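Heavy-atom basis, side chains included; hydrogens, waters and symmetry copies ignored. Just so it is clear, the structure is predicted and the values come from calculations on it, not from any experiment.
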Amino acid sequence: MGDSQTNELINKNRKEKKEMRLQDKVALVTGAGRGIGRAIAERFAVEGARVVVNDVNGESAQETVEMIKTQGGTAAPIEGDTSQETHVERMVQFVVDTYGGLDILVNNAGVEIWKPIHEMTAQEWDRIMGINLRGVFLVSKHAVRQMLSRNRAGQIVNMASVAGLVSFPGLGAYSTSKHGVIGLTKTMALELRPHNIRVNAVCPAFIDTDMAGRLLELLKSQGLPQDDLLMQNQGRLGHPGEVANLALFLASDESSFMSGAAVPIDNGCTAQ
């Protein structure tokens, strides 16, 4: 069953029970034009949130919004690069102007590069850090300011990775950025605890997205067995909807005593 079918079934069940875990909440999800971000945006909308869908590709953001509306949800798109502060300021202000506030932020936008450190250019390094780490800082900074200005409780979910807990050859820049996201998550959790703003990180293993597809193509081009990495590390690819379920839990009141956590979702990958 795909994400859309799953969300439709969940939506039907929730409506019948009149239980929606994010009812009347406003959420901003970055990098939500596809993959994990899209699954999270859809899942949040199913649970009653009004969702602002951000992506650097405006058409992709609009596609996610249309999918949400088809399922009866409420959403609006905003194009923007999370590594650029002027874009981020405009993005957060759009959320407030459109829906009157901001309750939940999901910092999902991210990129990767598969290259050994000694072969990487400074520009490639800076791009990874700019989007994966600087972007989380910038969006969080402006989102938190909005939450504090309105004295609103809030939830922030940062998309880290199992590569922020362990590492893999060829993922030096990506792994460094995700270790940084986890460190930032813990610091923000402590700083924002007095203001009733919780901050947690999700650490997925390889998920069935474009990123995993690029990895498999890379392995194939190098004549390496594609199944070895998965079988040794996690057994199978995860599904975007599985990550969305964890993000929903962390964004909802069901995780009310959780903050500063970096939660792996990896089928036991980091247990080895």
Query raised in the report: Side chains of Q123 and R127: donor-acceptor distance under 3.5 Å anywhere?
Result: no
**Report entry** Note: E47-R43 ion pair, threshold 4.0 Å (strictly below)
**Finding:** yes
Query raised in the report: S259 side chain to R198 main-chain N or O, any donor-acceptor pair under 3.5 Å?
Result: no
Query raised in the report: Can you tell if the side chain of M67 reaches within under 4.5 Å of the side chain of T70, non-hydrogen atoms only?
Result: no
Report task. Take R145 and H142 through the side-chain contact (heavy atoms from CB on, under 4.5 Å) test and state the conclusion after the steps. Result -> CA-CA 5 Å; R145 287 181 175 180; H142 289 282; 4.1 Å; yes
**Report entry** E119 CD: over 12 foreign heavy atoms closer than 6.0 Å
**Finding:** yes
Query - Straight-line distance of D103 CG to D24 CG, nearest 0.5 Å - result: 9.0 Å
Report task. Find out whether V157 and I40 are in side-chain contact, i.e. whether some heavy atom of one side chain is under 4.5 Å from a heavy atom of the other. Result -> no
Requested in this report: Using the rule that two of Ile, Leu, Val, Met, Phe, Trp, Tyr join whenever any of their side-chain heavy atoms come within less than 4.5 Å, decide whether V136 and M159 are in one cluster.
Outcome: no
**Report entry** S60 side chain to R34 side chain, donor-acceptor N/O pair below 3.5 angstrom
**Finding:** no
**Report entry** Within 6.0 Å of CG in D97, more than 12 heavy atoms from elsewhere
**Finding:** yes
Query raised in the report: Would you say K115 has more than 12 foreign heavy atoms packed within less than 6.0 Å of its NZ?
Result: yes
Query raised in the report: Linking I/L/V/M/F/W/Y whenever their side-chain heavy atoms sit closer than 4.5 Å, directly or via other members, would I131 and L138 fall into one cluster?
Result: no
Query raised in the report: Roughly how far, to the nearest 0.5 Å, is CD1 of I182 from CG of L165?
Result: 4.0 Å
Query raised in the report: Is there side-chain contact between Y174 and I113, with heavy atoms separated by less than 4.5 Å?
Result: no
**Report entry** Beyond-backbone contact of V162 with F168, side-chain heavy atoms, under 4.5 angstrom
**Finding:** yes
Report task. Check the pair S140 / N158 against side-chain contact (heavy atoms from CB on, under 4.5 Å), numbers first and verdict last. Result -> CA-CA 9 Å; S140 297; N158 294 326; 4.3 Å; yes
Query - Whether over 12 other heavy atoms sit under 6.0 Å from R193 CZ - result: no
Query raised in the report: Roughly how far, to the nearest 0.5 Å, is the OG atom of S161 from the CD1 atom of I207?
Result: 9.0 Å
Query raised in the report: Are L133 and V144 linked, directly or through other ILVMFWY residues, by side chains that come within less than 4.5 angstrom of each other?
Result: yes
Query raised in the report: Would a distance-only check, ignoring hydrogens and angles, find a side-chain to backbone donor-acceptor pair under 3.5 Å from S175 to G172?
Result: no
Query raised in the report: Does the side-chain contact (heavy atoms from CB on, under 4.5 Å) test come out yes or no for I78 and T98, once each step is laid out?
Result: CA-CA 11 Å; I78 180 70; T98 303; over 6 Å; no
Report task. Evaluate the side-chain proximity of V53 to I68: yes if any heavy-atom separation is below 4.5 Å, no if none is. Result -> yes
Report task. Evaluate the side-chain contact (heavy atoms from CB on, under 4.5 Å) criterion for residues V263 and N200: first the C-alpha distance (whole Å), next the side-chain angles of each, then the deciding distance (0.1 Å), finally the verdict. Result -> CA-CA 8 Å; V263 186; N200 292 289; 5.6 Å; no
Query - Sidechain-backbone polar pair: D81 side chain, H87 backbone, donor-acceptor under 3.5 Å - result: no
Query raised in the report: Looking at CD1 of I117 and CH2 of W125, how far apart are the two atoms once the value is rounded to the nearest 0.5 Å?
Result: 5.0 Å
Query raised in the report: Nearest 0.5 Å, what's the CG-CE distance between L102 and M91?
Result: 11.5 Å
Report task. Report yes if some heavy atom in the side chain of L148 is under 4.5 Å from a heavy atom in the side chain of I197; otherwise report no. Result -> yes
Query raised in the report: Taking atom CE of M147 and atom CD1 of I156, what is their separation to the nearest 0.5 Å?
Result: 5.0 Å
Requested in this report: Could you state whether V29 and V243 fall into the same hydrophobic cluster, counting links through intermediate Ile, Leu, Val, Met, Phe, Trp or Tyr residues with side-chain heavy atoms under 4.5 angstrom apart?
Outcome: yes
Query raised in the report: Within a strict 4.5 Å, meaning less than it, do heavy atoms of the Q93 and Q146 side chains meet?
Result: yes
Report task. Compare all side-chain heavy atoms of M120 with those of I128 and state whether any distance is below 4.5 angstrom. Result -> no
